[in-house]
Amino acid sequence: MRYSELFLPTVREIPADAEIVSHQLMIRAGMIRKLTSGIYTYLPLGYRVIRKFERIVREEMNRAGAQEVYMPMVQPRELWEESGRWNHYGKELLRFKDRNDRDCCLGPTHEEVITDLVRNEIKTYRQLPRNIYQIQTKYRDEIRPRFGVMRCREFSMKDAYSFDADEEGVDISYKKMFGAYMRIFQRCGLRFRAVEADTGSIGGSFSHEFMVIADTGEDSLVFCSTCDYAANLEKAEIAIPEGRKVSGEEFVPLETVHTPDMKSIEEVSWFLSVQPRDVVKTMIYSADGIPVAVLVRGDTDVNEIKVKNYLNCDVLEMADDTMIYKATGAPRGFAGAIGIKARIIADYSLMNMTNFVMGANKEDYHVKNVNIGRDISVDSFADLRIARDTDLCPRCGGNLLFARGIEVGHVFKLGTKYSKAMKAVYLDKNGKEQYMVMGCYGIGIGRTVAASIEQNHDEHGIIWPLTIAPYQVIITPVNVNDEKIKIISEKLYASLLEKGVDVIVDDRDERAGVKFNDADLIGIPLRVTIGKKALSEQKMEVKIRKSGKVKILATDKVVDFILSYVNEGM
RNA sequence: CGGGGCGUAGCGCAGCCCGGUAGCGCGCCUGCUUUGGGAGCAGGAUGUCCCAGGUUCAAAUCCUGGCGCCCCGACCA
């Protein structure tokens, strides 16, 4: 490609509305432009990167035995009612009516469509297993799109769905996909971890997320310093204490104390001269409309996902003031477990606590010396709090490390959630009807590209790994008005093209500085500079974007050097 | 949905308080010079000042309503 003919609008200034580096650089490097909130156009340079990444995805999916299809984005309400998600998916599911007044939605994911297809076409165990995938546009009506293509409304995703005869089969399919994902992200040169994850609104029995490690990531990750354990913070387990051991301490009589306007744990513990860890936080939640009191130690925080999963409810939200008042008889800030009209569940951290402080269910009062068993009864103890760096690994007892991550892939073992809801069955060897056992596997295409930029950039711009770089080489004639330089760069351009190298020649009549800066910004891995000085000695310069190293090579060695560098990096 | 901010040339912004000819930098176009890290000089083009209504002799500026975008939070693949 000739730069002079490229539709590549680079921008010098940092766009005011771009927060994170990848967003800034994708705009500056002329990869994307915003149409409206959370909806982007990919320009030629950006789309080339997308295509390169998609190609890796396709190669690895095909290698793992998956087959590509292309499903519709517009989907009928009926399918979503069958799966039960028409009501449960929430506002992220964009719904609309067609001209015949039929309810439709834009697909945020394709479990319904694929399950419908497969149940109609696959009838016997002989046709199983199957793994079917697509790369398709999804629409999720995000509450707040941000970070460019990282969290947007319309985006491209690779989604695969596996159908197996039984549990054993789905475990094999899951492992294959897991392996394919490892290869995909390795080939992109990303630093990433697979972590245990919550299944969210997709559902299913267990899942792993593939997380690119980056400080700007929206997810918190926990991993063990000694064993392989790694999890999303929202999933990270905390080792169950060995049992209730009351530390010999005597139960002290209850005492109600006046705590005017002291609502937070900090205020109460300061006011009563105790440690936050001596106070119990009583959080009132509405679980499908029913009040539940969740008790955690004052120095820890409730993990709502754990609570939601423990209660197995559809909607879990903080109770509103009315519900709090009904349950406790007091305004927000003074809830406690004594006499509360709600189910009480407590985090394991309460098992060893004695004579603690909690709200009195009365405005401006707290109670001291509360004890479980004597003063309150707890329905059950469970792991309900967010893991902290002082916690130990639930598997081996090692120390936990924390990091931020960008979720680029997610693999789910779905089980029979959708096949049961939508009656996707086959006949087994005995002629008996069985539910297919499913898995689903997603990769965010645009997001992976953005994550790669988060990890690979410097103050000058993007630093693409060779495997997904829009072009592998850029030739920079320092001055196109110099006939000799021009002829030689054209010659090099032609011979690289002939060898199948993705090459761009910057034939613009611009000053060298402009070309160098643009080349750095768009992040091409190799830059060949053709200038008067080196040329007079029959030499050219090859600069490696990543290391910044410059090689001065004899003119006739340049093509060979590039070919071996490129082949090694792919 | 709650809180905050912004909307003026392609981009980044000033002007708005205190109403009176719409500006700056970058980019763009033309010419000359220049040519190894975002050139210099000279000349030039470009605006429904987000939209609608109101106040006023006069509105980018004041008032009302709307729309859009961004940030924080709640929420979530």
A:Q538 side chain to A:T555 side chain, donor-acceptor N/O pair below 3.5 angstrom: no

Nearest-angstrom distance, [atom1] atom, [N] to [M]:
N	M	atom1	value
B:rU55	B:rG65	C1'	15 Å
B:rC28	B:rC70	P	28 Å
B:rC41	B:rG23	C1'	23 Å
B:rC13	B:rC57	P	37 Å
B:rC51	B:rU8	P	10 Å
B:rG2	B:rA14	C1'	32 Å
B:rA60	B:rC49	P	7 Å
B:rG31	B:rC67	C1'	45 Å

Summary of salt bridge (charged side-chain N to carboxylate O under 4.0 Å, His left out) pairs that have at least one residue in residues 34-47 of chain A, sequence neighbours excluded: A:D17-A:K34

Could you give the [atom1]-to-[atom2] distance, from [X] to [N], as a whole number of Å?
X	N	atom1	atom2	answer
A:L521	B:rG37	CG	P	18 Å
A:R447	B:rC76	CZ	C1'	10 Å
A:E218	B:rC75	CD	P	14 Å
A:E304	B:rG73	CD	P	15 Å
A:N517	B:rG27	CG	P	13 Å
A:R144	B:rC76	CZ	C1'	12 Å
A:E142	B:rC71	CD	P	13 Å
A:I143	B:rC72	CD1	C1'	14 Å

Residue mapping more 5' on RNA chain B - nearest nucleotide basis, A:K91 or A:G444: A:K91

Base-pairing assignment for [N] (Watson-Crick or G-U wobble, both under 3.5 Å):
N	result
B:rC6	B:rG68
B:rU55	none
B:rC24	B:rG12
B:rU61	none
B:rA45	none
B:rU34	none

Side chains of A:D103 and A:R95 in contact at under 4.5 Å (non-hydrogen atoms): no

Test item: A:M422 and A:L79 side chains (from C-beta on) under 4.5 Å apart, heavy atoms: yes

Please classify the nucleic acid contact of [X] as base, sugar-phosphate, or nothing, using heavy-atom distances under 4.0 Å.
X	result
A:D518	base
A:E209	nothing
A:R153	nothing

Proximity to RNA chain B (any heavy atom under 4.0 Å), residues of residues 18-39 of chain A only: A:E19, A:K34, A:T36, A:S37

With sequence neighbours excluded, what pairs up with [X] under the salt bridge (Lys or Arg N to Asp or Glu O under 4.0 Å) test?
X	result
A:R183	A:E60
A:R28	none
A:R385	A:D347, A:D391

Contacts under 3.5 Å, N or O only, protein and nucleotides 10-13 of chain B:
from, atom 1, to, atom 2, distance (Å)
B:rG12, O4', A:E13, OE1, 3.4

Who pairs with [X] by side chain to side chain donor-acceptor pair (under 3.5 Å), at least two apart in sequence or on another chain?
X	value
A:K138	A:H110, A:D159
A:K515	none
A:R404	A:S220
A:D215	none

Let me have the donor-acceptor pairs involving side chains of residues 482-492 of chain A, under 3.5 Å, with sequence neighbours excluded, atom names and distances please.
from, atom 1, to, atom 2, distance (Å)
A:D482, OD1, A:K484, N, 3.0
A:D482, OD1, A:I485, N, 3.2
A:S489, OG, A:I485, O, 3.0
A:S489, OG, A:K486, O, 3.0
A:E490, OE1, A:R2, NH1, 3.2
A:E490, OE1, A:R2, NH2, 3.1
A:E490, OE2, A:R2, NH1, 2.8

Phosphate OP1/OP2 of B:rC70 contacted by A:R146 side-chain N/O (<4.0 Å): no

Side-chain-base donor-acceptor pair under 3.5 Å for A:R151 and B:rC76: yes

Quiz item: cation-pi between A:R193 and A:F223, 6.0 Å / 45°: yes

From A:D506, A:T529, A:L535, residue fulfilling side chain to side chain contact (heavy atoms under 4.5 Å, CB included) relative to A:V478: A:T529

Would you tabulate the nitrogen or oxygen pairs shorter than 3.5 Å linking the protein to nucleotides 33-36 of chain B?
from, atom 1, to, atom 2, distance (Å)
B:rU34, O2, A:R511, NH1, 2.9
B:rU35, O2', A:N479, ND2, 3.4
B:rU35, O4, A:N481, ND2, 3.2
B:rG36, N1, A:E541, OE2, 2.5
B:rG36, N2, A:E541, OE1, 2.5
B:rG36, N2, A:E541, OE2, 2.8

